[in-house]
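Just follow the structure's listing: the first ligand is 1, and inside any ligand the first atom is 1.
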Amino acid sequence: MPRPDWERFRPPAVIGHHEYGYRSVGSTMDVAWELAEAGAAHGTCVVAGTQTHGRGRFDREWVSGDSLLASVVLRPSASTAPLLTIIGCLAVRDAVRELCGLRCAIKWPNDVQVDGRKLCGVLAEGRIYATGTTGAGVAVLGIGLNVSLDVAEHPELAATATSLLAETGRSIDLRTAGDALFASLDAWYGGAEPAALIARWREAIDTLGRRVSVRVRGSNATLSGLAEDVDAAGRLLLRTDDGVLHALDEGDVTLAG
Ligand code: BTN
């Protein structure tokens, strides 16, 4: 693991109790995985000023620039592990509200958006290690929140992304943003009761009730239909025009028409 440029401690918080900070890394995900493999405690965080190889879902490039770039080592129970993206998105939404009063919606499955533009992406990666018959799960939850990112400097993002600065005109310090995010994650993770989480997830997703196309990675197929609901595991329930209800746990959603 590279030597951190700073360390911060936030007792008595669990998530964010120990933050390793870097001016620049390849990806905070990789540093967090190194820490996790070396036995870092649940809730250990890695933040970076910039990333040279930031990644999003499906290994897509994640552009960094005046953003909160964070990864958190988590050691979830088997029932919490599938809910990490949900916890991450809901925590970001509350942190943003707390930081600047901005209301965000969720685009299923992992985007936090304002008026259809992406403000933040959440990436959950998990590994399971066999220990006898029970197994021990470790996860890294990555969050990229566009704080003062100037989307105009990134033509490929200009039409689809936004930042807190662009939305509010306010320049928020990354340290303040990190404090709000980790406090919110700590609260959401600590209080996570699955049925209540899913109820909040359903309320927050603005994809529901709309016609969408979903590109499903595993099968390489695209399904079109009505995004009816989410199920008890947070999966998207998509009714295709032939009347079949599909429960999707991943995919790229495009709003139709
Ligand atoms: C997505 O929308 O596909 C998820 C994007 C996640 C980006 C964050 S930035 C901090 C952390 N480090 C990475 O390399 N990726 C995540």
Which pairs with one or both residues in residues 144-160 pass salt bridge (charged side-chain N to carboxylate O under 4.0 Å, His left out), sequence neighbours excluded?
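Passing the test, one end in residues 144-160: no pairs.
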Contact list for residues 46-83, test ring-ring contact (aromatic ring centres under 6.0 Å, His included), sequence neighbours left out
none
Residue pairs, two or more places apart or on separate chains, that pass ring-ring contact (aromatic ring centres under 6.0 Å, His included) and touch residues 147-199:
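Qualifying pairs, neighbours excluded: H42-Y189.
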Protein N/O near ligand 1 N/O, under 3.5 Å, which pairs?
| residue | atom | partner | partner atom | Å |
| --- | --- | --- | --- | --- |
| ligand 1 | 2 (O) | N110 | ND2 | 3.3 |
| ligand 1 | 2 (O) | K118 | NZ | 2.5 |
| ligand 1 | 3 (O) | R57 | N | 2.7 |
| ligand 1 | 12 (N) | T28 | OG1 | 2.9 |
| ligand 1 | 12 (N) | Q51 | OE1 | 2.8 |
| ligand 1 | 14 (O) | S27 | OG | 2.7 |
| ligand 1 | 14 (O) | Q51 | OE1 | 3.4 |
| ligand 1 | 14 (O) | R55 | N | 2.8 |
| ligand 1 | 15 (N) | R55 | O | 2.7 |

Check D111 with R57, please: is the shortest side-chain N to carboxylate O separation under 4.0 Å?
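No salt bridge links R57 with D111.
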Charged N to carboxylate O below 4.0 Å: is that the case for D231 and R202?
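Judged by the 4.0 Å cut-off on N to carboxylate O distance, D231 and R202 do not form a salt bridge.
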Decide yes or no on side chain to side chain donor-acceptor pair (under 3.5 Å) for S213 and T222, but give the supporting numbers first.
CA-CA 6 Å; S213 292; T222 298; over 6 Å; no
